[in-house]
Amino acid sequence: MLKAVHFGAGNIGRGFIGYLLYKSGYEITFVDISKELVESINNYKRYNVIILKDNVEKEEVKNIKAIHIEDEENLSKAIVDADIITTSVGANNLKSIGEKLRNYLKIRKANIDKPLNIMACENALFATNILKNSILEKGDKDFIEYVNQKIGFPNTAVDRIVPNVDIKKELPIDVAVEDFYEWDIEKKAIIGDLNIKGAELVDDLEPYIERKLFLLNGAHATTAYLGYLKGYKYIHEAIQDDFIRNIVSKMQEEASIALSKKHNIKIDNLREYSNKVIKRFKNSYLKDEVVRVGREPTRKLSGNDRLIMPAKLCYEIGITPEFILYGIAAGFLFDYKEDPKACEIQDDIKNFGLEKTISKITGLEENSDLLHEIVKKYKELKETFRKR
C-alpha cells in the first residue's frame, strides 16, 4: 500500500488533505505538535469527515496513525517508507519543518532508492519552494544531488473551507467541511507517478494560486474584516449585508481585471469563479466566525498576500483598487482582543502612527500613493463604524 506522511493533523489536515489521500488509497501517518491530538488519532485510528450541505453526509477515514513531531525514531521510519509527504502547518512553520525533514531525508537516502514527492498545502504563494529551500539550505553537494534526482517538489493551490463549527460528532477528532474543494498540483515538478483522487495536475500553477488567493482568500478576509466592523459573528451573515457584499463583489471584479490581463484568463471565467465564492460564503451550515477568518492580520495584510498583492497588481496596470483598499483598511481596524497579531497592529498604530504601521506590515513606502489611499479608506471606515 502507498504510504503518506502528513505534517499538521488539524482540521485542514484531516478534513481535506488526509481525506483525499485516504480516498486515493494511501495509508496515512499524521505528524503533529499536539500530544493530545496524536494520542486521540492513535486511540481511535479513524475519524469522520462531515460534509456540510442541505443533506449532511458523513465519510469515514480509517487505518490512520499519528506521530509526535519530537518522536525522532518513529518519524524517521515513517519518512524512509513514505511515497508522499504533505503539510498543512501554516506557511510560517515551513522553514522549521524543512530543517527537520533534511535530517530524515539523509537517513532515507542511506536506506532506500524509491522516488518521493513533497508538497506544502498552504495558503501561500509557492509554499513548496519555501520547504524545498529550507531542506537544501545546509545540505552538502551529495545530498543536494540526491534531492534533485529523487524528490519532486510540486507547488500546490488548495481550497476548502474547514470551519470550527459546533456540530454533533461521533468522535472528538471528527471534522466538518464544506462540500466544495479544489487541489491543483504543478505537473512538471512531480517525480514518478502521483495519483490523488480529486486533485488536478496543471502545467502552470501561478494563475490558479493567484486566482484563489485574490478572489477567495482576499474576498474572505474582506468579508471578515468588514463583518467584524459591523458586528456580525459569522461570514454567512456578513455576506448577506448589502454594503459588505457590494464591496466584496467589486474588489473581486478589480482583482479579476488584473488577473485577466496578467495571465490572459477570460474575464467571464474569473467572474464565474467569483460568483461561486460568494455562494460558498453564504453557506449557513458552515457557521464560520469572522474572527477565525480574519485572524493573524499581520500575515493577511503583508506584501505578498491576499489583499496587498492584487492591489499592487491593479496599480501596475492603471486600475485604482478602490474596493480592495476597503478590505485592507478594515484589516487595520480589526482589533479583536483575543488575537495577538491584531493587538500587535493596534499597539503599533498607537505607538508609531498609522502610516508607519501600514508601511511596516504591507512593505509599502510611507510616501506611496497606495499607502495614502489606504489611510483615506481607514479614516472613512473608522468615522463610519467607530463613532464613540
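- At most 12 non-hydrogen atoms from other residues, nucleotides or ligands lie less than 6.0 angstrom from CG of N264.
- In this structure, A330 and Y225 approach most closely via the heavy-atom pair CB-CB, 3.5 Å.
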*In sequence, state the C-alpha distance, the side-chain angles, and the governing distance for K230 and D241, and then conclude on salt bridge (Lys or Arg N to Asp or Glu O under 4.0 Å).*
CA-CA 9 Å; K230 293 199 80 173; D241 182 295; 2.9 Å; yes
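- No donor-acceptor pair under 3.5 Å is formed between the side chain of N246 and the backbone N or O of D242.
- Shown here for I328 and L307, the closest heavy-atom pair between the two residues is CG1-CB, 3.6 Å.
- Remark: E60 CD is packed, more than 12 non-hydrogen atoms of other residues, nucleotides or ligands lying under 6.0 Å away.
- Atom NZ of K150 sits in a crowded spot, with more than 12 heavy atoms from other residues, nucleotides or ligands closer than 6.0 Å.
- Put simply, the side chain of T128 never gets that close to the backbone of M119: no donor and acceptor are under 3.5 Å apart.
- Atom CG of D369 is separated from atom CD1 of I374 by 11.0 Å, given to the nearest 0.5 angstrom.
- Formation of a donor-acceptor pair under 3.5 Å by the S256 side chain with backbone atoms of Q252 is found in this model.
- Taking the six-membered ring for Trp and the full ring otherwise, F153 and F126 have centroids separated by 6.0 Å or more.
- Going from atom CG of L364 over to atom CG of L370 covers 5.0 Å, rounded to the nearest 0.5 Å.
- Residues V165 and Y234 fail the side-chain proximity criterion, which asks for heavy atoms closer than 4.5 Å.
- Of all heavy-atom pairs spanning Y228 and L333, the tightest one is CE2-O, 4.3 Å.
- The number of heavy atoms from other shown groups lying within 6.0 Å of NZ (K261) does not exceed 12.
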*asked:* Before you tell me yes or no, could you show the steps for D142 and K109 under salt bridge (Lys or Arg N to Asp or Glu O under 4.0 Å), namely the whole-Å CA-CA distance, both residues' side-chain angles and the distance that decides it to 0.1 Å?
replied: CA-CA 10 Å; D142 191 39; K109 175 179 177 288; 2.8 Å; yes
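- A donor atom on one side chain and an acceptor atom on the other are found under 3.5 Å apart for Y285 and D54.
- Under 4.0 Å is where a charged nitrogen must lie from a carboxylate oxygen, and between E373 and K376 at least one such pair does.
- Distance alone, capped at 3.5 Å, places no donor-acceptor pair between the S76 side chain and the Y104 backbone.
- Using modelled atom types, one side-chain atom of R160 and one backbone atom of G15 make a donor-acceptor pair closer than 3.5 Å.
- Taking the charged nitrogens against the carboxylate oxygens, R299 and E296 do have a contact shorter than 4.0 Å, which makes a salt bridge.
- Between N93 atom CG and I130 atom CD1 the span is 11.0 Å, to the nearest 0.5 Å.
- For the pair K53 and E57, the salt-bridge criterion is met [side-chain N within less than 4.0 Å of a carboxylate O].
- A side-chain N or O of N155 and one of E186 form a donor-acceptor pair less than 3.5 Å apart.
- Salt bridge status for E182 with R211: present, with a side-chain N to carboxylate O gap under 4.0 Å.
- Distance check, rounded to the nearest 0.5 Å: OG1 of T156 to CD1 of I17 gives 7.0 Å.
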*Derivation of the side-chain contact (heavy atoms from CB on, under 4.5 Å) call for V177 and I161*: CA-CA 6 Å; V177 300; I161 297 170; over 6 Å; no
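- Ion pair K356/E366 flagged as a salt bridge, since at least one NZ, NE, NH1 or NH2 atom sits closer than 4.0 Å to an Asp/Glu carboxylate oxygen.
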*After noting the C-alpha distance and the side-chain angles of E210 and L125, does the key distance pass the side-chain contact (heavy atoms from CB on, under 4.5 Å) rule?*
CA-CA 8 Å; E210 291 191 350; L125 288 165; 4.0 Å; yes
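- Salt-bridge check for R271 with E253: passed, with a basic side-chain N closer than 4.0 Å to an acidic carboxylate O.
- The 12-atom threshold is not exceeded at CG of D193, counting heavy atoms of other residues, nucleotides or ligands nearer than 6.0 Å.
- For the residue pair A224 and G294, the shortest heavy atom distance occurs at CB-N, 3.8 Å.
- Residues P297 and D339 form a side-chain contact, since some pair of their non-hydrogen atoms from C-beta on lies under 4.5 Å apart.
- Inspection of the H263 and E206 side chains reveals no N or O donor paired with an N or O acceptor under 3.5 Å.
- To the nearest 0.5 angstrom, L94 atom CG is 10.0 Å from L101 atom CG.
- Side chain to side chain, E170 and N48 meet the donor-acceptor criterion of an N or O pair below 3.5 Å.
- Between F281 and H220, the angle of the ring planes stays under 30°, which puts this pair in the parallel group of the 30/60° scheme.
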Mind listing the side-chain donor-acceptor pairs of residues 77-87 below 3.5 Å, one per line with the distance, residues two or more places apart or on another chain?
residue	atom	partner	partner atom	Å
D83	OD1	K114	NZ	3.2
D83	OD2	K3	N	2.7
T86	OG1	H6	ND1	2.7
T87	OG1	E122	OE2	2.7

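- Proximity of a side-chain donor or acceptor of K45 to a complementary backbone N or O of N42 within less than 3.5 Å is detected.
- Contact check on D348 versus K360 returns a salt bridge, with a Lys/Arg side-chain nitrogen under 4.0 Å from an Asp/Glu carboxylate oxygen.
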*Step by step, would you call K95 with E99 a salt bridge (Lys or Arg N to Asp or Glu O under 4.0 Å)?*
CA-CA 6 Å; K95 195 170 187 306; E99 286 164 4; 3.2 Å; yes
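- Minimum heavy-atom separation, I191 to N148: CD1-O, 4.1 Å.
- Of all heavy-atom pairs spanning L301 and G331, the tightest one is CD1-C, 3.7 Å.
- Note on ring orientation: taking the six-membered ring where Trp is involved, the planes of F323 and Y326 are tilted (angle from 30° to 60°).
- At least one donor-acceptor pair under 3.5 Å links the side chain of S260 to the backbone N or O of I265.
- Around NZ of K169, the count of heavy atoms belonging to other residues, nucleotides or ligands within 6.0 Å exceeds 12.
- Residues N275 and K279 are not in side-chain contact: their nearest non-hydrogen atoms beyond the backbone lie 4.5 Å or more apart.
- Taking CG of D159 as the reference point, atom CG of N217 lies at 7.0 Å (rounded to 0.5 Å).
- D71 places no side-chain N or O within 3.5 Å of a backbone atom of I67 that could act as its donor or acceptor partner.
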*Step by step, work out the side-chain contact (heavy atoms from CB on, under 4.5 Å) result for I244 and Y232.*
CA-CA 11 Å; I244 294 173; Y232 291 109; 4.0 Å; yes
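- For the pair E383 and K379, the salt-bridge criterion is not met [side-chain N within less than 4.0 Å of a carboxylate O].
- Within the 4.5 Å cutoff, the side chain of K282 has heavy atoms near those of the R245 side chain.
- Tested against E59, the residues R14, R46, K23 include a single salt bridge (Lys or Arg N to Asp or Glu O under 4.0 Å) partner, K23.
- Surrounding NZ of K262 are more than 12 heavy atoms belonging to other residues, nucleotides or ligands, all under 6.0 Å away.
- Formation of a donor-acceptor pair under 3.5 Å by the E254 side chain with backbone atoms of E322 is found in this model.
- At least one donor-acceptor pair under 3.5 Å links the side chain of D32 to the backbone N or O of A9.
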*Please step through side-chain contact (heavy atoms from CB on, under 4.5 Å) for the pair Y22 and I64, ending with a clear verdict.*
CA-CA 9 Å; Y22 173 74; I64 57 165; 5.5 Å; no
